[in-house]
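It should be emphasised that the depicted structure is a prediction, and the values quoted were computed from it without experimental measurement.
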Amino acid sequence: MGTTDTRGPTPGRSAVVLALRRYGRELLRLRRLALPALLLPAVGNIGIRYVAPLLIAKLAGQAADDGGLTLSSALPYVLGFGVTLLLAEAVWRVGQHCLNRVDALGMEHLYVSGMDELLAKDAAFFHDNFAGSLTKRVLSFGKRFEDFVDTVTYRIVGSLVPLVFGAVVLWSYEPMLVAGLLVMIALTVVAATPLIRRRQRLVNDREAAIARVSGHVADSLMNMETIRAFAAEGREADEHRSRVADSRRLTLRSWDYGNLRVDTLIAPMSVLTNVLGLLVAIAFGGPGQGVEEVVVAFTYYSNATQIMFEFNQIYRRLESSMTEAAQFTELLLDPPTVLDPTEPEPLTPRDTGIRFEAVTFAHAGAKPIFQGLDLDVPAGARIGLVGRSGGGKTTLTRLLLRMSDIDDGRVLIGGQDISRLRQTDLRSLIAYVPQEPAMFHRSLRDNIAFARPGAADEEIHAAAAAAHVTEFADQLPDGFGTLVGERGVKLSGGQRQRVALARAILRDAPILLLDEATSALDSESELLVQDALWRLMDGRTALVVAHRLSTVAGMDRLVVLDRGSVVEQGTHEELLAANGAYAKLWQHQSGGFLGESTESAPGRPVPGAGSSGLPGPADPAPDGDRRTSSHARTSTGST
């Protein structure tokens with residue numbers, strides 16, 4: 001695990017533009033709140049930063065002209081000063097009230113839409129991305145909207161709109177004041193832009209390093225038992241320390257570049273701008289207007305240069321929020337490959353028969369698994385899929401679920417091409433038990449009810465009883481209300497498998513897909529669960545994947561897959577008589593694992609298997625000796 005990496009290309013321009021579009025779309029959607037949220041704080045800033053100082057400048061000018069001030073002459077300016085500040089604060093509060101709602105409603109919608117985007121992705125997408133990294137990205141996508149809007153409101157609109165007001169006032173005093181200010185701002189922007197672009201690349205590297213840290217943390221936490229089993233705590237800690245150090249190094253590099261390169265350019269430019277403003281005010285000040293004009297010029301230029309000095313900080317906030325948002329939107333640049341049709345067909349299958357017609361499929365960048373595969377599963381048939389590992393058995397079930405789309409051919413259910421159906425309609429026909437049952441960090445009841453959320457408690461308990469979940473549920477601290485832990489860590493493998501079977505029973509779908517559904521059960525539990533599965537399969541079309549051949553020997557038909565091709569099919573007896581690939585697999589398992597043939601299940605004769613087609617537990621031989629394998633008996637008999 002120490003070599004796992006989430007390194008990928010840093011977000012490009014397309015991802016940043018897409019993030020900006022998404023955020024802009026949110027502001028447009030909330031425009032009735034967004035407009036006052038963006039403008040009212042700027043109006044408040046005009047009152048505080050420009051109107052109030054203007055009143056003070058006029059008061060100073062009158063004092064200079066009159067040789068002093070009296071209470072009566074100063075009172076209008078003082079009252080105007082106080083009223084201006086009060087009104088500005090009131091306007092600010094209203095703007096803040098609107099802004100709070102824009103932030104909250106926008107984040108809510110982005111959290112939801114971000115999750116919707118991930119839910120729309122196909123299965124292969126999640127194989128290529130760490131869950132921890134995806135979690136960070138989708139949550140940052142919503143959270144960073146607040147930072148983006150606040151920066152735009154307070155630092156950009158809240159500074160530029162008052163600056164325009166200030167420029168108009170300065171123009172009324174002396175146009176050269178405006179010209180000097182605009183020239184200095186333009187020079188600063190031209191000089192700083194190349195440095196800021198360079199810093200953007202450093203920020204991209206920093207954000208990628210942070211994503212690698214979060215991905216490794218999530219990967220380690222999800223595999224903690226494996227880490228402990230291999231005494232790998234030290235290795236994982238070293239790997240984490242290395243990634244954190246790399247993140248720290250790249251973070252400092254981006255921060256230092258802003259401080260030592262960008263700010264060291266902008267700071268002298270802001271000082272020069274202030275000096276220039278004073279010189280212009282003194283040089284071009286008209287008669288009787290010197291003090292007032294100097295005060296106005298000094299105050300307004302100071303406000304303007306403050307924006308210049310904060311330019312790097314503003315850009316840093318924007319680039320940080322947009323870079324993190326782009327970490328998510330870059331995932332959206334490649335659309336999902338498994339999509340609902342533009343004009344889906346209604347779900348009207350004539351039956352539950354399944355047909356694979358000339359199916360060709362390959363994973364991206366890999367050799368084809370299937371080439372022209374044909375397979376027909378009649379409605380109500382119970383079909384076992386067997387063969388060596390890597391033959392395509394599990395892939396076949398996933399194609400039926402449309403977890404991936406085939407490259408050529410058709411997959412039909414009841415005569416309907418599944419690619420013409422909505423995915424939700426297709427999967428409503430299927431109850432699926434995968435090789436590794438997935439558990440949510442929710443209650444045991446919720447995990448079973450996940451198959452049919454509207455099910456009554458009686459139905460949930462009935463499904464649990466059929467899958468023999470009640471046998472261990474009653475022993476849990478809170479019974480069916482017990483939280484099973486992340487990925488069901490509080491349950492054993494066999495218990496998780498029983499919960500998955502209970503889901504399938506509760507689903508009550510006409511097609512049943514079982515992928516090694518009882519592999520984690522002990523023999524005694526498997527015997528009990530198999531009875532429930534035989535009842536569940538009655539009247540349903542069932543595809544059952546198994547490596548242990550005895551678990552499917554009683555099926556209506558067995559299909560032997562090898563390297564993506566159907567090499568044999570027939571009943572258990574027919575395939576044994578053919579003495580082909582299946583017979584060799586059966587002979588190997590019977591000799592190596594199953595021992596001597598035992599009594600077959602009532603009504604289901606299965607040579608060499610225990611009850612219900614399952615291997616029976618090894619019974620002790622007479623005189624206390626353990627039963628030996630067929631190989632051992634053959635050797636002894638020939639001695």
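To the nearest 0.5 Å, atom CG of residue Asp407 and atom CD1 of residue Ile369 are 9.5 Å apart. The CE atom of Met322 sits 10.5 Å away from atom CZ of Arg144, with the distance rounded to the nearest 0.5 Å. Atom CD1 of Ile354 sits about 9.0 Å away from atom CG of Leu396, to the nearest 0.5 Å. To the nearest 0.5 Å, the span separating CZ on Arg503 from CZ on Arg498 amounts to 15.5 Å. The line from CG of Leu412 to CG of Leu421 is 10.0 Å long, rounded to the nearest 0.5 Å. To the nearest 0.5 Å, atom CD1 of residue Ile227 and atom CD of residue Glu236 are 4.0 Å apart.
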Inset, instruction - Just do the side chain to side chain contact (heavy atoms under 4.5 Å, CB included) check on Leu561 and Val567 with the steps written out, would you? - result: CA-CA 6 Å; Leu561 286 171; Val567 295; over 6 Å; no
Inset, instruction - Verify salt bridge (Lys or Arg N to Asp or Glu O under 4.0 Å) between Arg398 and Asp515, making sure each step is shown before the conclusion. - result: CA-CA 10 Å; Arg398 294 176 65 81; Asp515 192 353; over 6 Å; no
Legend entry - Check against side chain to side chain contact (heavy atoms under 4.5 Å, CB included), Leu558 and Met555: CA-CA 7 Å; Leu558 301 177; Met555 295 290 168; 4.0 Å; yes
Inset, instruction - Begin from the C-alpha positions of Arg548 and Thr551 and carry the test side chain to side chain contact (heavy atoms under 4.5 Å, CB included) through to its verdict. - result: CA-CA 6 Å; Arg548 188 162 49 184; Thr551 62; 3.7 Å; yes
Inset, instruction - Evaluate side chain to side chain contact (heavy atoms under 4.5 Å, CB included) for Arg388 paired with Leu585, printing each intermediate quantity in order. - result: CA-CA 9 Å; Arg388 302 180 189 279; Leu585 288 172; 4.2 Å; yes
Inset, instruction - Determine, stepwise, if the pair Phe145 / His109 fulfils ring pair (Phe, Tyr, Trp, His ring centres under 6.0 Å). - result: CA-CA 10 Å; Phe145 177 73; His109 188 255; 9.7 Å; no
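Although no hydrogens or angles enter the test, the distance criterion places no donor-acceptor pair under 3.5 Å between the side chain of Arg557 and the main chain of Gly570. Although no hydrogens or angles enter the test, the distance criterion places a donor-acceptor pair under 3.5 Å between the side chain of Arg427 and the main chain of Arg402. Not a single donor-acceptor pair under 3.5 Å links the side chain of Arg355 to the backbone N or O of Arg410. Using a distance-only test at 3.5 Å, with no hydrogens or angles considered, no donor-acceptor pair links the side chain of Asp556 to the main chain of Ala381. Looking at Ser140, its side chain never comes within 3.5 Å of a backbone N or O of Arg137 through a donor-acceptor pair. Gln495 places a side-chain N or O within donor-acceptor distance of the main-chain N or O of Ser492, the cut-off being under 3.5 Å. Judged by distance alone, with hydrogens and angles left aside, the side-chain atoms of Thr470 form no donor-acceptor pair with the main-chain N or O of Ala473 at under 3.5 Å. At least one donor-acceptor pair closer than 3.5 Å links the side chain of Arg420 to the backbone N or O of Glu343. For the pair Lys393 (side chain) and Gly387 (backbone), a donor-acceptor distance under 3.5 Å is present.
Residue Phe440 qualifies as enclosed at atom CZ: its count of foreign heavy atoms under 6.0 Å is above 12. Heavy atoms from other residues, nucleotides or ligands lying under 6.0 Å from CD of Glu345 number more than 12. Heavy atoms from other residues, nucleotides or ligands lying under 6.0 Å from CZ of Phe472 number more than 12. The environment of Arg29 atom CZ is dense: over 12 non-hydrogen atoms of other residues, nucleotides or ligands sit within 6.0 angstrom. Residue Met224 qualifies as enclosed at atom CE: its count of foreign heavy atoms under 6.0 Å is above 12. The number of heavy-atom neighbours closer than 6.0 Å to CZ of Arg563, taken from other residues, nucleotides and ligands shown, is 12 or below. Enclosure of atom CD in Glu233 by more than 12 non-hydrogen atoms of other residues, nucleotides or ligands within 6.0 angstrom is indicated.
Arg21 meets the salt bridge (Lys or Arg N to Asp or Glu O under 4.0 Å) test with no other residue; sequence neighbours excluded. Applying the salt bridge (Lys or Arg N to Asp or Glu O under 4.0 Å) criterion to Glu568, with sequence neighbours excluded, gives no partner residue. Partners of Ser404 by side chain to side chain contact (heavy atoms under 4.5 Å, CB included), not counting sequence neighbours, listed by chain and number: Phe361, Leu399. When the salt bridge (Lys or Arg N to Asp or Glu O under 4.0 Å) test is applied to Arg507, no partner is found at least two apart in sequence or on another chain. Partners of Thr424 under the side chain to side chain contact (heavy atoms under 4.5 Å, CB included) rule, at least two apart in sequence or in another chain, are Arg422. For Asp446, the side chain to side chain contact (heavy atoms under 4.5 Å, CB included) partners two or more places apart in sequence, or in a different chain, are Arg442, Ser443.
Contact record, Ala431 with Ala509: N-CB, 3.6 Å, taken as the closest heavy-atom pair. For the pair Ala366 and Ala362, the tightest heavy-atom approach, listed with the atom from each and the gap, is O-CB, 3.7 Å. Residues Gly554 and Trp534 share a closest heavy-atom pair of O-CH2, 3.6 Å. Annotation for Ile418 and Leu400: closest pair CD1-O, 3.8 Å, computed over non-hydrogen atoms. The shortest non-hydrogen separation linking Ala581 to Val560 is CB-CG1, 4.4 Å. Considering every non-hydrogen atom in both Ala502 and Ala467, the closest pair reads N-CB, 3.6 Å.
The side-chain heavy atoms of Lys143 and Tyr111, taken from C-beta on, include a pair separated by under 4.5 Å. Looking at Gln416 and Leu347, their side chains come closer than 4.5 Å, going by heavy atoms from C-beta outward. A 4.5 Å side-chain heavy-atom check between Leu401 and Ile430 finds at least one atom pair inside the cut-off. Taking 4.5 Å as the limit, every side-chain heavy atom of Glu324 sits out of range of all side-chain heavy atoms of Phe141. Between Phe230 and Thr226, some side-chain heavy-atom pair lies under the 4.5 Å cut-off. Proximity of Leu385 to Val544: side-chain heavy atoms (C-beta onward) are nowhere separated by under 4.5 Å. Between His547 and Val386 there is no side-chain heavy-atom pair separated by less than 4.5 Å. No side-chain heavy atom of Asp408 sits less than 4.5 Å from a side-chain heavy atom of Val359.
With hydrogens and angles left out, the side-chain atoms of His461 and Glu458 include no donor and acceptor closer than 3.5 Å.
For the side-chain contact (heavy atoms from CB on, under 4.5 Å) criterion with Val377, the lone passing option out of Thr541, Ile413, Thr352 is Thr541. The only member of Thr360, Val566, Thr395 that meets side-chain contact (heavy atoms from CB on, under 4.5 Å) when paired with Phe370 is Thr395.
No salt bridge links Arg212 with Asp219; every basic N to acidic carboxylate O contact stays at or beyond 4.0 Å.
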